[in-house]
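The structure appears right after this line, and notes come after that.
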Amino acid sequence: MILGVNVDHVATVRQARGGIEPQPLAAALLAIKGGADGITVHLREDRRHIQDGDLKLLKRKISVELNLEMAALNEMIEIALKVRPDMVTLVPEKRKELTTEGGLNLKTNKKKVEKAVDIIQGAGIPVSLFINPSITDVTLSKKTGAQMVEIHTGRYADSKGKKQNAEFKRVKESIKKALDIGLLVNAGHGLNFLNVKKIASIKGVRGLYIGHSIVSKSIFSGIENAVREMKRLIKDSSR
Ligand code: PXP
């Protein structure tokens, strides 16, 4: 099972100052050193974190799978065809949401998604559809011609106890259905150091896509050293 690391939030910190650091590419290279099998970025319509330049730079500099998350919009399709990531994950996108809130609605967006899948896969780039853990959505995904799906684990991650068990069951059954009908299956959203094990134990899953919890943990595993180095610089210079 591969791990794709989402580095959007490194760009979120950079954009907070509008400067050049921290660089998503630098984080991606360290993530790869740590064992990441892939790097994911979500190029949003409002460019709130990842910028077009980040995507181009990642494409040039990383050798692992580059997964571009994007909405099925003409602008994004053009970018995907130009940059040629290793795969595209189509996600729904609302300008006001804090993060991707739900999977694609394949009933209302069938034509739009089908067209995007057709163009992108037609250009030789595999497409994954980010969908809710539902048998209906898995079946509809297959009909679009997409090669892959990513099952949304957000509700599993956000719930507890019996409710979490029920959400887990939905995820597991959707994965099984997707495998049965010949789709490649990924999972992600909200996975962290506590809840990942159960999902990782599901057989047949191709990859997990994780961002927030890894970036959050990185702050705590790195802040002590960063402060120590700054203290040393101050001490050495103020003697
Ligand atoms: N998969 C998709 C389709 C996403 O949109 C996101 C969030 O950008 C993730 C996975 C990763 O979610 P998280 O940041 O909660 O780990």
Side-chain angles (χ1 to χ4, degrees), residues 1-13 15 24 27-28 31 34 36-51 54-55 58 65-73 76 80 85-106 109 113 116-117 120 126-134 137-138 141 146-159 167 171 174-175 178 183-200 205-219:
M1 196 179 288
I2 68 163
L3 168 64
V5 176
N6 183 317
V7 295
D8 289 352
H9 290 319
V10 177
T12 302
V13 177
Q15 296 312 109
D37 305 291
I39 297 296
T40 298
V41 289
H42 183 172
L43 188 66
R44 283 185 169 266
E45 205 186 350
D46 63 7
R47 305 299 196 273
R48 72 169 76 149
H49 38 57
I50 293 296
Q51 307 296 305
D54 294 319
L55 179 65
L58 283 162
E65 172 192 281
L66 177 61
N67 172 28
L68 171 61
E69 274 179 29
M70 55 176 242
L73 301 170
M76 294 298 159
D86 298 291
M87 63 182 273
V88 162
T89 301
L90 293 179
V91 297
E93 191 175 296
K94 290 189 216 138
R95 275 190 173 244
K96 286 197 175 141
E97 68 187 0
L98 290 176
T99 181
T100 316
E101 285 168 355
L104 289 163
N105 184 334
L106 293 172
N109 295 303
V113 172
V117 169
I120 300 166
V127 174
S128 176
L129 303 183
F130 186 53
I131 54 168
N132 291 323
S134 123
D137 288 353
V138 168
S141 298
Q147 299 178 14
M148 268 185 272
V149 287
E150 180 180 336
I151 304 291
H152 194 326
T153 50
R155 277 171 67 176
Y156 155 80
D158 290 342
S159 53
E167 290 297 338
V171 169
S174 306
I175 290 171
L183 289 163
L184 291 170
V185 191
N186 302 307
H189 213 284
L191 296 178
N192 62 32
F193 294 83
L194 296 174
N195 63 27
V196 72
K197 277 187 171 176
K198 230 173 142 176
I199 299 291
V205 175
R206 174 187 167 274
L208 298 181
Y209 290 85
I210 307 180
H212 192 85
S213 65
I214 292 177
V215 174
S216 303
K217 194 173 186 80
S218 311
I219 294 173

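We count ligands from 1, going down the list as the structure has it; atoms in each ligand are counted the same way.
- Atoms of ligand 1 lying under 4.0 Å from any heavy atom of Val91, numbered from 1 in the order shown and given with element: 3 (C).
- Residue pairs meeting the salt bridge (charged side-chain N to carboxylate O under 4.0 Å, His left out) criterion with at least one partner in residues 205-218, sequence neighbours excluded, are Glu65-Arg206.
- Here the straight-line distance linking atom OG of Ser128 with atom CG of Leu68 works out to 12.0 Å at 0.5 Å rounding.
- Looking at ligand 1, you'll find an N or O of Glu150 within less than 3.5 Å of one of its N or O atoms.
- Contact annotation: Gly190 has at least one heavy atom less than 4.0 Å from an atom of ligand 1.
- Residue-to-ligand polar distances place Gly211 within reach of ligand 1: an N/O pair is separated by less than 3.5 Å.
- Of all the heavy atoms of Glu69, the ones lying under 4.0 Å from any atom of ligand 1 belong exclusively to the side chain.
- A search for salt bridge (charged side-chain N to carboxylate O under 4.0 Å, His left out) contacts involving Glu167 returns Arg155, Arg170, not counting sequence neighbours.
- Neither the backbone nor the side chain of His42 comes within 4.0 Å of ligand 1, counting heavy atoms alone.
- Residue His212 has at least one N or O atom closer than 3.5 Å to an N or O atom of ligand 1.
- In summary, the side chains of Thr40 and Asn6 do not present any donor paired with an acceptor at a separation below 3.5 Å, with no hydrogens or angles considered.
- Residues Asp46 and Arg48 are paired through a salt bridge, judged by an N-O separation under 4.0 Å between the basic side chain and the carboxylate.
- Contact detail for Ile50 and Leu43: the closest heavy-atom pair is O-CD1, 3.5 Å.
- In the vicinity of Asn6, heavy-atom distances shorter than 4.0 Å reach the ligand 1 atoms 8 (O).
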